[in-house]
Amino acid sequence: MDREGLLRSLAARVSDQRVLEAFATVPRELFVLPSMAAAAYEDAPLRIGPGQTISQPAVVARMCELLELKPTDRVLDVGTGSGYHAAILSRLAGRVWGIELDEQLALRAARTLLRAGIENVSVVSGDGAAGLPELAPFDAINVAATATGQVPPALEEQLAPGGRLVAPVATADGESLVLVRRLVDGLRREALEAVRFVALR
Ligand code: SAH
């Protein structure tokens with residue numbers, strides 16, 4: 001599949017026009033390993049290192065839709081990996097901070113984002129489960145690695161009023177996407193469809 005093919009396939013499932021436009025402007029081939037460039041526009045996760053994958057475009061699109069991003073939003077991206085998901089978020093929001101545990105990967109993501117001409121994303125290496133309290137609160141938080149039992153409390157605490165968080169969470173019932181919103185009367189959590197991500201370490 002090429003970029004046009006991927007866009008057609010996403011358009012059949014994604015109704016948010018801004019999300020589709022973001023996919024049209026980010027070159028995914030820059031974010032995969034050079035040996036995998038030919039597969040860059042498959043709607044599939046691809047390996048980017050040990051225990052690490054670049055997420056499936058359809059899943060990235062779904063998570064972006066759930067976050068209902070506005071052009072001025074400040075966003076935290078946990079498990080930045082290749083930087084691709086952060087790049088899509090950056091087209092929909094004002095400013096993105098990415099946090100990635102693997103230092104080499106964090107450096108590579110920062111370089112790739114610059115090569116892609118993206119200047120509103122900063123990537124740091126560290127434990128994303130702790131978030132970035134010094135930069136909180138965030139209007140939206142995107143988590144791309146599976147937490148066990150519950151969304152890490154530190155991340156929920158860093159949500160601004162009206163803020164949205166989406167994260168894969170594993171419980172005894174399996175692994176699913178959880179959407180959290182900070183409303184006036186507190187947090188509201190909603191478990192959505194089943195997903196598969198690498199584990200949050
Ligand atoms: N969003 C990425 C996909 C990431 S795969 C992309 O678009 O390419 C999940 C990533 O989470 C891996 O890179 C892994 O190293 C990272 N990770 C796992 N545990 C983490 C933690 N505690 N803090 C930050 N990153 C973590």
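Start at 1 and go down the list; that is how both ligands and their atoms are numbered. This one's a predicted model, so the numbers in the text were calculated from it and none came from an experiment.
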Which of the numbered atoms in ligand 1 are below 4.0 angstrom from a heavy atom of Asp127? 21 (C), 22 (N), 23 (N)

Quick one: does Asp77 get an N or O within less than 3.5 Å of an N or O on ligand 1? no

Please determine which of Leu179, Asn142, Leu155 meets the side-chain contact (heavy atoms from CB on, under 4.5 Å) test together with Leu165. Leu155

With rounding to the nearest 0.5 angstrom, report the CG to CZ distance, Asp139 to Arg164. 6.0 Å

Look at atom CD of Glu193 and say whether more than 12 heavy atoms of other residues, nucleotides or ligands are closer to it than 6.0 Å. yes

Can you tell me which residue and heavy atom of the protein come closest to atom 18 (C) of ligand 1, and the distance to 0.1 Å? Ala199 O, 3.6 Å

Checking a contact table here: which protein heavy atom is nearest atom 24 (C) of ligand 1, and how many Å away? Leu101 N, 3.2 Å

Leu200 heavy atom under 4.0 Å from ligand 1: yes

Please could you name the atoms of ligand 1 that Ser55 approaches to less than 4.0 Å, counting only its heavy atoms? 3 (C)

Considering only non-hydrogen protein atoms, determine which one is nearest to atom 7 (O) of ligand 1 and report residue, atom name and distance to 0.1 Å. His85 N, 3.1 Å

If you compare all heavy atoms of Ala129 against all heavy atoms of Ala154, which two are closest, and at what distance to 0.1 Å? O-CB, 3.6 Å

Heavy-atom pair with the smallest gap, counting every atom of Ser9 and Asp43: OG-OD2, 4.1 Å

Between ligand 1 and Ala87, can you find any atom pair, the residue atom being a heavy atom, that is separated by under 4.0 Å? no

Looking only at protein heavy atoms, what sits closest to atom 11 (O) of ligand 1 is Gly79 CA, 3.3 Å

Minimum heavy-atom distance between Phe31 and Ala87, given as atom pair plus value: CZ-CB, 3.8 Å

Considering all heavy atoms of both residues, which atom of Tyr84 and which atom of Ser82 are nearest to each other, and what is their separation? N-OG, 3.1 Å

Give me the residue, atom name and distance of the protein heavy atom closest to atom 3 (C) of ligand 1. Thr53 O, 2.9 Å

Purely on distance, is any nitrogen or oxygen of Gly128 under 3.5 Å from one on ligand 1? yes

Neighbour count >12 (heavy atoms, 6.0 Å) for atom CD, Glu103: no

Which ligand 1 atoms are under 4.0 Å away from a heavy-atom of Gly126? 23 (N), 24 (C)

Taking side-chain contact (heavy atoms from CB on, under 4.5 Å) as the criterion, tell me which of Val60, Val14, Leu67, Leu69 meets it with Val19. Val14

At a non-hydrogen distance cut-off of under 4.0 Å, which region of Val198 contacts ligand 1 (side chain, backbone, both, or neither)? side chain

for atom 19 (N) of ligand 1, nearest protein heavy atom and its distance come out as Arg201 N, 2.9 Å

Who's the nearest protein heavy-atom neighbour of atom 13 (O) of ligand 1, and how far? Glu100 OE1, 2.8 Å

Ligand 1 atoms nearer than 4.0 angstrom to some heavy atom of Gln52 are 12 (C), 13 (O), 14 (C), 15 (O)

So does Arg18 have more than 12 non-hydrogen atoms from other groups sitting under 6.0 Å from CZ? yes

Heavy-atom distances under 4.0 Å decide this one: backbone, side chain, both or neither, for Val60 against ligand 1? neither

Ligand-side contact atoms (ligand 1) for residue partner Leu105, heavy atom cut-off under 4.0 Å: 13 (O)

Of the non-hydrogen atoms in Leu46 and Ala40, which two are nearest, and what is the gap between them? CD1-CA, 4.3 Å

Heavy-atom contacts with Tyr84 under 4.0 Å: which atoms of ligand 1 show up? List them by number with element. 7 (O)

In terms of heavy-atom contacts, Thr146 and Val169 come closest through CG2-C, 4.0 Å

Considering only the protein, which heavy-atom contact is closest to atom 8 (O) of ligand 1, and what is its distance? Ser82 OG, 2.6 Å

